[in-house]
Amino acid sequence: MSGKGGIIRELRQSKTLLLMIAPTILFFIVFSYIPMIGVYYAFTKFDFDGGLFGSQFVGMENFNFLLKTGVLWNLTKNTVLYNLAFILLGNIMQIICAVFLAQLSGKLFKKTAQSLMFLPYFLSWVLVGAFVYNLFSDLGVVNSVLKQIGLHSYDFYLHTAPWKFIIVFFSVWKGLGYGTVIYLAAIMAISDEYYEAAKIDGATIFQQIRNITLPLLKPTFILLILFSLGGIMKGQFDLFYQIIGSNGMLYDATDIIDTYVFRSLTVNFDIGMGTAAGLYQSFFGFALIMIVNFIIRKTNKDYSLF
Amino acid sequence: MSIQVKQLAKADAFKGSRIKQDKETIVFNIIGYTLLTFVSLICLIPFWLIVAGSFTDELEIISKGFQLFPNTVSFEAYKSVFSTPEQIYRAYAVTIGVTLAGSLLGIFLTSMAGYVLSRKDFAIRNGISFFIYFTTLFSGGLIPWYILMTKNLGLKDSYWALILPPLLSAWNIILMRSFMKSIPESIVESAKMDGAGDFKIYQRLILPLSTPGLATIGLFLALGYWNDWFNANMFITTDSKYPLQFLLYKILSSAAVLQTNNGAYLAANVVPPTETLKMAVAVVATGPIILLYPFVQRYFVKGLTVGAVKG
């Protein structure tokens, strides 16, 4: 075919360009595509000496086990619910902060506030772990305060309830500055004319926000929510692991797929089961992105991912 | 609102609306300043707690726990950290080395890839773009990746295990590509006329024109490397190869004890700092970020908005 010959001739002419992108292609082959072959482990009873194809093939046994024991259901429920909370609360807080940052007039105040809100984004999750330790351990600040006002100290590591809020709090806290900047940029892109016209009509600042800012932020909001929904099966391993660690008491309420897979690998050495859970996560996540992208394409083609 | 007021407003629309607006604006400002001050404090308080904890006397912590405002001031924890500072210095050296090597190599490869993919005359650019993009949609998961890294590539306990995984990301390449697409094509065309090769065009023309993009990618990469503890947790087994954040993690989880001259404390019959030491190490490990981020933040904001607008 002449078309094919054309491409090869063209590639020959752009040898340098091919050479320049070769390391990148090699990188993704080695670190992303070759591991995809490894999902075969999910269908085996892993044997450390056997390697990939020396392990015994067991078909869907690992998946059946995960389903029957209810592990998969619990992990999925936790992963999805936590992510929904992160996404919704995170975006709402970011919008509120962006709206105020855009409208207030004190320049120095706004600069300082924005800088401080961005601080958590730059800190490592290990440091977040240090905060949690400082706040909630036996010697933590919360217990010190409880004792000072004459209440009994509270052993956080025996109860699951508070951790749900702690996890959501730190997730929102860490992403606040980042998201606020994106919403702030969207607000800044709104033409001043709308506000000028509204002011002449005597609209109050609250009316301006309700009838101009928020409706015009809606596309950004929906887009960001949709994109986040595509990643809803990916937990935040750092967040959960640094806050909860290897505290078995709390797993019921705080175990997500990522932490389960990590433990399969490092604690239980259950390679087949862990790979199976990971593969389930990849497939579910892939399907979600496809659905989300389909929805975006239907509504606004410009914003679709592909 | 009463009819009278409405009529008044109609009669003197401009003046009336201004008075009303002022009242509403005052309420808005009060809510805004209060809320943002509160949010800012929430973002700052955890860090204050760590610093305060690190300067508290160990005995106060043992008897009363960590405090919002400690009653004592003590430098023991820092004295202890720096009594035998080799471990901390070593971790600093590892982190700085890995961050520098990884970020520079990452910027180089990402910008080259972004440039090639931005060239409209590169025949298979769409195919390669999808090849790279697909890795964000589907992955083999943690375990096959881990087995590849350790069994097949033999990277267990190697610095390469810290440098390679974060080196290239599809997002960075896409960001770079859209940045370079905004450079006028005529520049490349005229350079070609003058007989410049593709690499020379990239090196002499494209790179200098993309410094803001390079800075953004570089900052993302550097921050990722500096704060990385996960890869060390997965692959590094020798104490002397611990990067900073992983050392901090180990000390916090009491899995590793900072080598200090605790013998001196035992002899002197004084409580050695342990709780306060954890906090002091946290401060020492985070210090540079806190000092640098106000300057870096501006670039981040710029880069973010560029990425957000251009998709």
Side-chain angles (χ1 to χ4, degrees), chain A residues 7 10-11 14 16-17 20-21 23-25 27-28 31-32 34-36 38-39 41 97 100 103-104 113 115-120 122-124 126-127 129-131 133-135 139-141 143-144 173 181-182 185 202 204-206 238 245 261-262 265 271 274-275 278-279 281-282 286 289, chain B residues 17 20-21 24-25 28-29 32-33 35-36 39-40 43-44 46 49-50 53 61 64-68 109 112-113 116 119 122-123 128 132 135 137-148 168 197-199 223 227 229 245 248-249 252-253 275 282 286 289 293-294 297 301 304-305 308:
Chain A
I7 280 187
E10 264 187 61
L11 286 182
S14 45
T16 323
L17 291 180
M20 284 168 77
I21 203 163
T24 304
I25 293 174
F27 179 91
F28 284 106
F31 293 104
S32 299
I34 290 180
M36 285 182 201
V39 297
Y41 291 122
C97 289
F100 280 114
Q103 297 285 351
L104 293 181
S115 288
L116 288 177
M117 276 157 55
F118 222 132
L119 174 66
F122 287 83
L123 304 177
S124 80
V126 181
L127 195 72
F131 295 155
Y133 179 80
N134 184 300
L135 281 164
L139 293 170
V141 171
N143 273 322
S144 303
W173 178 81
V181 165
I182 291 179
T204 66
I205 194 149
F206 290 105
D238 296 80
V261 174
F262 177 79
L265 175 64
I271 302 299
T275 312
L279 181 59
Q281 178 187 29
S282 274
F286 183 71
I289 295 174
Chain B
S17 72
K20 194 175 82 185
Q21 202 174 307
E24 299 267 358
T25 309
F28 178 86
N29 281 347
Y33 283 113
L35 184 90
L36 288 180
V39 170
S40 304
C43 288
L44 196 63
L49 288 175
I50 299 268
I61 308 265
K64 288 195 202 152
F66 287 108
Q67 310 278 324
L68 201 50
L109 293 177
M112 268 200 311
V116 173
R119 280 277 296 262
F122 186 54
I128 294 179
I132 293 171
T135 60
L137 300 179
F138 190 81
S139 85
L142 176 76
I143 293 177
W145 176 74
Y146 176 81
I147 293 173
L148 170 93
L168 285 167
D198 287 325
F199 188 77
L223 190 67
N227 283 338
W229 62 278
Q245 300 301 325
L248 171 62
Y249 168 68
L252 280 172
S253 59
E275 296 300 321
T286 315
I289 292 276
Y293 103 92
Q297 193 223 145
V301 171
L304 261 178
T305 36

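Here the structure is a predicted model, which means the values were calculated and not measured. Throughout, a chain's letter reflects where its sequence line sits, starting with A, and its residues are numbered from 1. Every heavy atom of this structure was used, including side-chain atoms; hydrogens, water molecules and symmetry mates were not.
- The contact between B:Phe138 and chain A is made by backbone and side chain atoms together, counting heavy-atom distances below 4.5 Å.
- Interface remark: of the candidates B:Leu168, B:Ile289, B:Leu44, B:Leu168 forms the most heavy-atom pairs closer than 4.5 Å to chain A.
- Interface residue A:Phe206: only side-chain heavy atoms are found under 4.5 Å from chain B.
- Proximity of the aromatic rings of B:Tyr33 and A:Phe100 is defined here by a centroid distance below 6.0 angstrom, and this criterion is not met.
- Contact annotation for B:Ile50: both backbone and side-chain heavy atoms come within less than 4.5 Å of a heavy atom of chain A.
- The most heavy-atom pairs under 4.5 Å with chain A, out of B:Ala123, B:Ser40, B:Pro46, come from B:Pro46.
- Of the two parts of B:Trp145, the backbone and the side chain both hold a non-hydrogen atom closer than 4.5 Å to a non-hydrogen atom of chain A.
- Interface remark: B:Leu223 contributes side-chain atoms only to the contact with chain A (heavy atom separation under 4.5 Å).
- Using a 4.5 Å cut-off between heavy atoms, A:Ile34 contacts chain B through its side chain alone, with no backbone atom that close.
- Here B:Phe28 is the residue among B:Phe199, B:Phe122, B:Phe28, B:Tyr146 with the most heavy-atom pairs under 4.5 Å with chain A.
- Using a 4.5 Å cut-off between heavy atoms, A:Asn134 touches chain B through backbone and side chain atoms alike.
- If you measure heavy-atom distances from B:Leu49 to chain A, the contacts under 4.5 Å come from both the backbone and the side chain.
- Using cut-offs of 30° and 60° for the angle between ring planes, the B:Trp229 and B:Tyr249 rings count as tilted.
- Looking at B:Ile147, the atoms closer than 4.5 Å to chain A (heavy atoms on both sides) all sit in the side chain, from C-beta outward.
- The contact between B:Thr286 and chain A is made entirely by side chain atoms (from C-beta outward), counting heavy-atom distances below 4.5 Å.
- A distance of 9.0 Å separates CZ in A:Phe27 from OG1 in B:Thr135, rounded to the nearest 0.5 Å.
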